[in-house]
> 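Quick one: this structure, given as structure tokens, is what I'll be asking you about.
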Amino acid sequence: MKVPLIELPVVTAAGIFLAHYSVNGLAGLDWPAKKNTRIRSAVSTPSLQILRWHRLASAALQRILAGRAAGELPPLDWTGKTEFQKTVWRALLDIPSGKTKSYGEIAAAIGNPKAVRAVGGACGANPIPVLVPCHRVLAANKKIGGFSGGLSRKRDLLAREGVQWTA
DNA sequence: CACTCGATCAGCG
DNA sequence: CGCTGATCGAGTG
């Protein structure tokens, strides 16, 4: 069955993010496009509930970009994702702003200490960057590691949170 | 099922 | 610093 998605823009100083909502909650977040793409609003009329979720998501995004704690999040829709991925993402939500963990620490935290590389894979598959703070995961030696959205974005987010990493 | 590929890591020279 | 093996989940055919 096909679940309709609603797209709503989040205007921030860092650009316009695009949030995707399903009937279950926030399902995805897109990085700001380079160009001034269509700021067209929702394809169909968002329900009151979705607008409410959107307020939460927008506020949380603004706070994280300002280097502060996210605060309350809307429900996250991870339908169709694997249990392993969901477990990893839940662990990411436990990393507070300004702190980081290594891929190995995440693996240990979810009780699967040898699944180090798999954790990296799950981070890369995260559909909701920033709010699910995949950028707070560094390599073991505090090196920057990788980032699917581009390393410059990871560096920017970490800098906003006052985090140090090794070159 | 049998591959392949990673946002890893620790060990070793 | 660079190379290597171990090891896991996901994607592909």
Side-chain angles (χ1 to χ4, degrees), chain A residues 1-5 7 10 12-35 37 57 60-71 73-167:
Chain A
M1 69 175 187
K2 196 179 298 180
V3 182
L5 288 181
E7 289 182 351
V10 186
T12 77
I16 302 176
F17 290 74
L18 204 53
H20 301 257
Y21 297 90
S22 74
V23 291
N24 299 315
L26 177 63
L29 184 66
D30 292 346
W31 297 99
K34 297 173 182 174
K35 302 274 182 178
T37 45
L61 187 55
Q62 306 281 5
R63 283 193 287 259
I64 292 181
L65 292 175
R68 308 196 283 114
L73 294 180
L76 306 179
D77 182 7
W78 288 333
T79 304
K81 303 303 180 178
T82 70
E83 276 312 309
F84 179 83
Q85 291 170 333
K86 289 187 265 191
T87 304
V88 170
W89 298 335
R90 274 189 292 265
L92 298 189
L93 290 173
D94 285 338
I95 311 178
S97 175
K99 299 278 193 160
T100 63
K101 277 191 178 184
S102 70
Y103 295 94
E105 284 171 326
I106 296 291
I110 64 176
N112 201 341
K114 284 176 287 190
V116 194
R117 303 196 62 175
V119 166
C123 290
N126 169 23
I128 311 176
V130 191
L131 294 186
V132 176
C134 43
H135 59 280
R136 296 185 188 139
V137 187
L138 305 185
N141 39 11
K142 290 292 185 197
K143 286 187 38 178
I144 190 75
F147 201 64
S148 58
L151 277 179
S152 58
R153 289 198 176 116
K154 186 172 186 175
R155 284 188 279 257
D156 175 62
L157 288 168
L158 290 172
R160 286 169 182 270
E161 299 183 0
V163 167
Q164 298 292 327
W165 65 93
T166 72

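Letters A, B, ... mirror the listed sequences (proteins, then strands); counts begin at 1. Remember, it's a predicted structure, so these values are computed and weren't measured experimentally.
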> Taking the side chain as C-beta and beyond, is there a heavy-atom pair between N24(A) and L76(A) under 4.5 Å?
no
> Rounded to the nearest Å, what distance is computed from the CD1 atom of residue I144(A) to the P atom of nucleotide dA7(B)?
14 Å
> In sequence, state the C-alpha distance, the side-chain angles, and the governing distance for L26(A) and H20(A), and then conclude on side chain to side chain contact (heavy atoms under 4.5 Å, CB included).
CA-CA 6 Å; L26(A) 177 63; H20(A) 301 257; 5.6 Å; no
> L138(A) versus K154(A): any side-chain heavy-atom pair under 4.5 Å?
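Yes, close enough: below the 4.5 Å cut-off.
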> Is the number of heavy atoms from other residues, nucleotides or ligands under 6.0 Å of K143(A) NZ greater than 12?
no
> Output the rounded distance in Å from OH (Y103(A)) to C1' (dA6(C)).
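The distance from OH of Y103(A) to C1' of dA6(C) comes to 19 Å, rounded to the nearest Å.
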> Side chain of R117(A) only, heavy atoms from C-beta on: which candidate in dT8(B), dA7(B), dA10(C) is closest?
dT8(B)
> Can you list every stem that DNA chain B is part of, counting only runs of 3 or more consecutive Watson-Crick or G-U wobble pairs with both distances under 3.5 Å?
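Stem segments, range with range: B:1-6 with C:8-13, B:8-13 with C:1-6.
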> Below 4.5 Å, heavy atoms only, C-beta onward: do F17(A) and D30(A) meet side chain to side chain?
no
> State whether N112(A) places a side-chain N or O below 4.0 Å from either non-bridging phosphate oxygen (OP1 or OP2) of dG9(C).
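It does, given that an N or O in the side chain of N112(A) lies less than 4.0 Å from OP1 or OP2 of dG9(C).
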> Would you check if there is a donor-acceptor pair between the side chains of T100(A) and K142(A) at a distance under 3.5 Å?
yes
> How many Å lie between CG on N141(A) and P on dA10(B), as a whole number?
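Whole-Å distance recorded here is 8 Å.
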> NZ of K114(A) versus P of dT7(C): gap in Å, rounded?
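The answer, rounded to whole Å, is 7 Å.
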> How close or far is atom C1' of dA10(C) from atom CG of N126(A), stated in whole angstroms?
16 Å
> Measure the distance from CZ on R153(A) to C1' on dA7(B) and round it to the nearest whole Å.
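Those two atoms, CZ and C1', are 15 Å apart.
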> Which part of the nucleic acid, if any, lies within contact of A118(A), taking any heavy atom under 4.0 Å across all strands shown: a base, the sugar-phosphate backbone alone, or nothing?
base
> Give the rounded distance in Å between these two atoms: CD of Q85(A) and P of dG6(B).
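Roughly 17 Å, once rounded to whole Å.
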> Any ion pair linking R136(A) and E161(A) (charged N to carboxylate O, less than 4.0 Å)?
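Yes, E161(A) and R136(A) are salt-bridged.
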> If I take atom CZ in residue F84(A) and atom C1' in nucleotide dT7(C), what distance separates them, rounded to the nearest angstrom?
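These atoms are roughly 11 Å apart.
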> Using a cut-off of 4.0 Å on non-hydrogen atoms, how would the nucleic acid contact of G124(A) be classed: base, sugar-phosphate, or nothing?
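Answer is base: heavy atoms of G124(A) come under 4.0 Å of a base.
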